[in-house]
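Everything on this sheet refers to the single structure shown next.
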Amino acid sequence: MSETNSSSALSKAYEPAAVEARWFLRWSEEGCFRGDETSAREGYSIVIPPPNVTGVLHLGHVLNNTLQDILARRARQKGFEVCWLPGTDHAGIATQTRVERELKSTTGQSRHDIGREAFLDKVWEWKDKHGGIIIDQLKRLGCSLDWERERFTLDTDYSEWVGHVFCDLFRKGLIHRGRRMVNWCPVSLTALSDEEVIMKPQRGKMYTMRYERVDQPGEFVLISTTRPETLMADVAVAVHPEDPRYRDLIGGHVYRPFPREAIPVIADEHVEIEFGTGALKVTPAHDKADFEIGLRHNLPVIDVLSPDGHINCPAVPELHGIERFAARKRAAELLAEKDLLEKEEDYENNVGFSERADVPVEPRLSMQWFLRYPSVESAKAAVESNEITFRPERWRKTYAHWMDNIQDWCISRQLWWGHRIPVWYRKDQYENLTAAESLDPAAVAQGLLHVATEPPADPENWVQDPDVLDTWFSSWLWPFATFSKVGERSPALEKFYPTADLVTGPDILFFWVARMIMAGYEYEGRAPFRHVYFTSIIRDIKGRKMSKSLGNSPDPLDLIAKYGADGLRFGLLRIAPSGQDVRFDEKQIEEGRNFANKLWNACRFRQMAGENANATDSPATPDAPSVFETDILAKLDTLHTTLEAAYSEYQFNHIAQHLYDFFWRDFCDHFLEAVKGALRDSAPAPRRARVLATIDTVLSRFLPLLHPYMPHITEELWEKLGFGDGTPLMSTALPTGPACSATRDQAAAAAQTAAAIYETASAARRLKADYQLAQNRNVRFLLRPTDSTTPPDESTLTTLALLAGAAAIEPTTTPPDSQAPRLLTPLGELAMPLEGLVDIEAERTRLGKELAKIESEIKKASGKLSSESFVSRAPEHVVEQERQRLAEWQEKQREVSAMLTAFSG
RNA sequence: GCACGGGUAGCUCAGUGGUAGAGCGGCUCGUUUACACCGAGUUGGUCGGGGGUUCGAAUCCCUCCCUGUGCACCA
């Protein structure tokens, strides 16, 4: 311990707030976060999954970013040049909606009232004011991000990448514009990609309607639908060509109820004979499957819904202008009034909802931009061949399935906030170009179209496409567009691409991960990362997803205030199984805090023992280490290798558990208690010095191991105990080489001896507790070695007495008198002589129970061994093990029986 | 419907063929100078049900039930 710090004594309990703030500042000032692309060390990088600028920190972020921080800190300790890159994405719909709402509530204006330019100014204003919130919150968690490299998807350099990629893919013929059925969000007023639609089961009604036959008035065809409000857009009725019920109908006509009009009956294989009535109303404008039928049969398309989900059908004034769900009821009423409603039944079906606005989407025919994905084969092969590994592995299958069935990506959004599509139409040809069913790429050569990152030189003659690109069309470039400009092989890119690990949620496997892999191959020729770790989904204690509306989502900043960032990190990590859902319980975070406090106090205990002058002067102390010291040092070495293996398997919860068990049980409960005697002033100086040195070895090696999980407290203690000579723990390499100098056999023997002592002490405490003597320090015990145990030495007896809280443990060779309660321990028969207090009956019961347990084990073992098939078929070492076990139990049986006999007299 | 997870103590979870575990909770003691955010002791499980393979199954196979996730979706 250095003198400079020994004066600043540790407080009685760990107080995280000040420590955390201080260390974040210190790390920042010392440049610990910076990834240096010119360094000679091997690069290790992670790009953060960019949170939305509108976002605020929730527990999912805490888990995700703590994992990344652990990986980054561990990589630094292992000597890598680490860059963990922060940033945010512009979140088109979410951000625009938010600012629109604010505009409406403050000025009553819509974005159209103030115009595109002015509105975008407002969004930027909002972004500058609120966009940094989540990034600042990550600092509170202690995230060791390379803050100077923070990126935003609408940064100038980044936007250039987005434009460049669009133009490049257009040139390659992968991007096209056309009129197609898309998912339309009537609230956000934009098209969505298939991935942004979430199917949800909905309770609704199945209406069965009657469509009158034209050729046979008074005769009706029954048709089932869940959406009567779209019947005005019916252009046909379809039946299956093989359906005998309707064979004579095919080629004929029926009347659409309103507006009343004859529509043809057609035959199409798509219709399921078994489903409903077997007759399907065909509404090409409002159903994807119907649209396909329409194409096959050359049917017209009638659109009766406005973009915002209201009926647009002046021919039916009762419904015109009515909201779609109100119109559904009204349409059913109208049918009933006309006696065309056969029945109405409860019905459950799946309805697609808009991910952001959480309202049912409308299938809608509209002009959009689509991308046929590039580098699909490379991206597929990368995961198949494990060039990119997924953890848990099972997500590989989900990925492969999606890649095999990959559909074109609708990349245009009818929004203003985002990357505007870099396409300009010749002004005098705008109407023609945009009205066409699809855009002919030849228009570029003809000078009618300008597709480039730079606007045309004569902007007055051109009109730019009004749409912006899907936000994910920018995020998929994140692993390289953050490190370089278009066309530049920057040193940072050379150093940090490909990134090493990606940590994200499986919910954005398609949105982001798969697309990044494709973009990585297409633009860098290589995978963007080597390992993908999919995090758990955090649920509440009842298993429900966390959501704002349920109010079951605790604010991480409150948790940090209550338990400290380290407590939150550790508590959460310890219960987060790999890829399984986590049931969040604040109790677990409390345990994280308790662990921090335990660590703090163990170090405080060390600090109170004072400086180890002796050890500093002559590190090689003459005294041989006790079994306790050999044992704890060997366990420390085991911890080191166990963690190494667990890190390579990304078993974060196991790592936390091992750190916890080692420190709390092995080090505090066992080791420190066993050596407390050596720290008394009365203890021999060399022994005291050696024990202190051992404690220092353990702490100085344990703090680095724990550091990635609990960065602040370990850093603070590292400094307070004077381990670092002023260098932050964060920048200190992990110690190498074993802490324990004993051979493997010596270590194993020490472990066994130490365990026997701990167990014997526990037996002594149990005897005391049974006689309400737990607090009595004057009890004396007798320890009689049995046939298989060797007599304990003096120092073992002293330590046993210390651990048991006894006046003494006295060795004996003769069985104790019949009145003494006793237990069989690994060190022999342990008796607690009492004067007239013994409950003979209780002792008989206790020993009887133990004997019963022993006998059942004997029965089990001898049963196995007497089975011919076991002895002949089980492996020799298993049989041998069983024999030994039987012998051990039999010896115990002899001992305990004898002990029981003592009470029978 | 197809595919993939999970079901182990009251709770949260470890445990992938060889003696069922941890923490929390419950109960009983206790402030002996690191820690009551603590210590000691104790309680608690036919490992979802059934069948099979095996000398031996929480672990492997089949089947059913419950639960979660991804994909598809019939109007």
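Chain letters run A, B, ... following the sequence lines, proteins first, then strands; residues in each count from 1.
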So, OP1 or OP2 of rA75(B): does either fall under 4.0 Å of a side-chain N or O from Tyr347(A)?
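Looking at the OP1 and OP2 atoms of rA75(B), one of them is under 4.0 Å from a side-chain N or O of Tyr347(A).
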Report yes if at least one side-chain N or O of Arg873(A) is closer than 4.0 Å to OP1 or OP2 of rC55(B); otherwise report no.
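Answer is yes, contact under 4.0 Å.
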When you compare rA72(B) with rC11(B), how far apart are their P atoms, in angstrom units rounded to a whole number?
36 Å
Within the 4.0 Å heavy-atom criterion, would you say [X] contacts the bases, only the backbone, or no part of the nucleic acid?
| X | answer |
| --- | --- |
| Met199(A) | base |
| Phe510(A) | sugar-phosphate |
| Arg604(A) | sugar-phosphate |
| Asn350(A) | base |
| Arg765(A) | sugar-phosphate |
| Tyr207(A) | nothing |

Hey, are Lys380(A) and Asp404(A) close enough for a salt bridge, meaning a charged N less than 4.0 Å from a carboxylate O?
yes
With hydrogens left out and only the distance checked, is there a donor-acceptor pair under 3.5 Å joining Arg777(A)'s side chain and the base of rU32(B)?
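Present.
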Now, which nucleotide makes the Watson-Crick or G-U wobble pair with rC47(B), with each of the two distances under 3.5 Å?
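Here rC47(B) is not engaged in any pair, so there is no nucleotide opposite it.
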Across all strands shown, which nucleotide pairs with rG5(B) by Watson-Crick or G-U wobble geometry, both distances under 3.5 Å?
rU67(B)
Stacked cation flag Lys768(A) on Phe781(A), 6.0 angstrom / 45 deg:
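Lys768(A) over Phe781(A) ring: no.
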Using the side-chain heavy atoms of Glu857(A), tell me which of these nucleotides is nearest: rG70(B), rU19(B), rG5(B).
rU19(B)
